[in-house]
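First the structure, in the form of structure tokens, and then the observations on it.
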Amino acid sequence: ASDVYKRQAEGQTLERWIWSQRLAACALALAAPEAAGRSITEIAYGHGFSDAAHFSRSFQRRYGASPRGYRRRALAAR
């Protein structure tokens, strides 16, 4: 909970913090070999996103790569 308060004090709203945590969880799932059989949309929906296009745009803004490209690079690096 203290991290939430810290983020709010830094000017990040609770809503933005939640979206940030969801994107981070998706990034971890996309990089996990055990999740390689799950579709990107399934991963996004499983972490609270309800629109695949919105997820993809948000992910690309945050990580500088499409979810597909991020997954490909992460799995190739293992």
Query raised in the report: What's the verdict on side chain to side chain contact (heavy atoms under 4.5 Å, CB included) for C26 and F49, showing C-alpha distance, side-chain angles and the deciding distance?
Result: CA-CA 10 Å; C26 288; F49 290 90; 4.0 Å; yes

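- The stretch residues 43-58 participates, sequence neighbours left out, in no salt bridge (charged side-chain N to carboxylate O under 4.0 Å, His left out) pair at all.
- Checked against side chain to side chain contact (heavy atoms under 4.5 Å, CB included), S58 has the following partners two or more places apart in sequence or in another chain: L23, H54, R61.
- When all heavy atoms of P67 and F55 are compared, the closest pair comes out as CG-CE2, 3.6 Å.
- Among residue pairs with one or both ends in residues 28-43, those qualifying as salt bridge (charged side-chain N to carboxylate O under 4.0 Å, His left out) are R38-E42; sequence neighbours excluded.
- Pairs engaging residues 62-78 under the side chain to side chain donor-acceptor pair (under 3.5 Å) rule: S20-R62 [sequence neighbours left out].
- Within the structure, salt bridge (charged side-chain N to carboxylate O under 4.0 Å, His left out) pairs that include any residue of residues 16-33 do not occur (at least two apart or interchain).
- Shown here are the ring pair (Phe, Tyr, Trp, His ring centres under 6.0 Å) partners of Y45, two or more places apart in sequence or in another chain: there are none.
- Closest approach of A29 and I43 over heavy atoms only: CB-CG2, 3.7 Å.
- Atom CG of L30 sits about 6.0 Å away from atom CD1 of I40, to the nearest 0.5 Å.
- In terms of heavy-atom proximity, G48 sits nearest to W19 at O-CH2, 4.3 Å.
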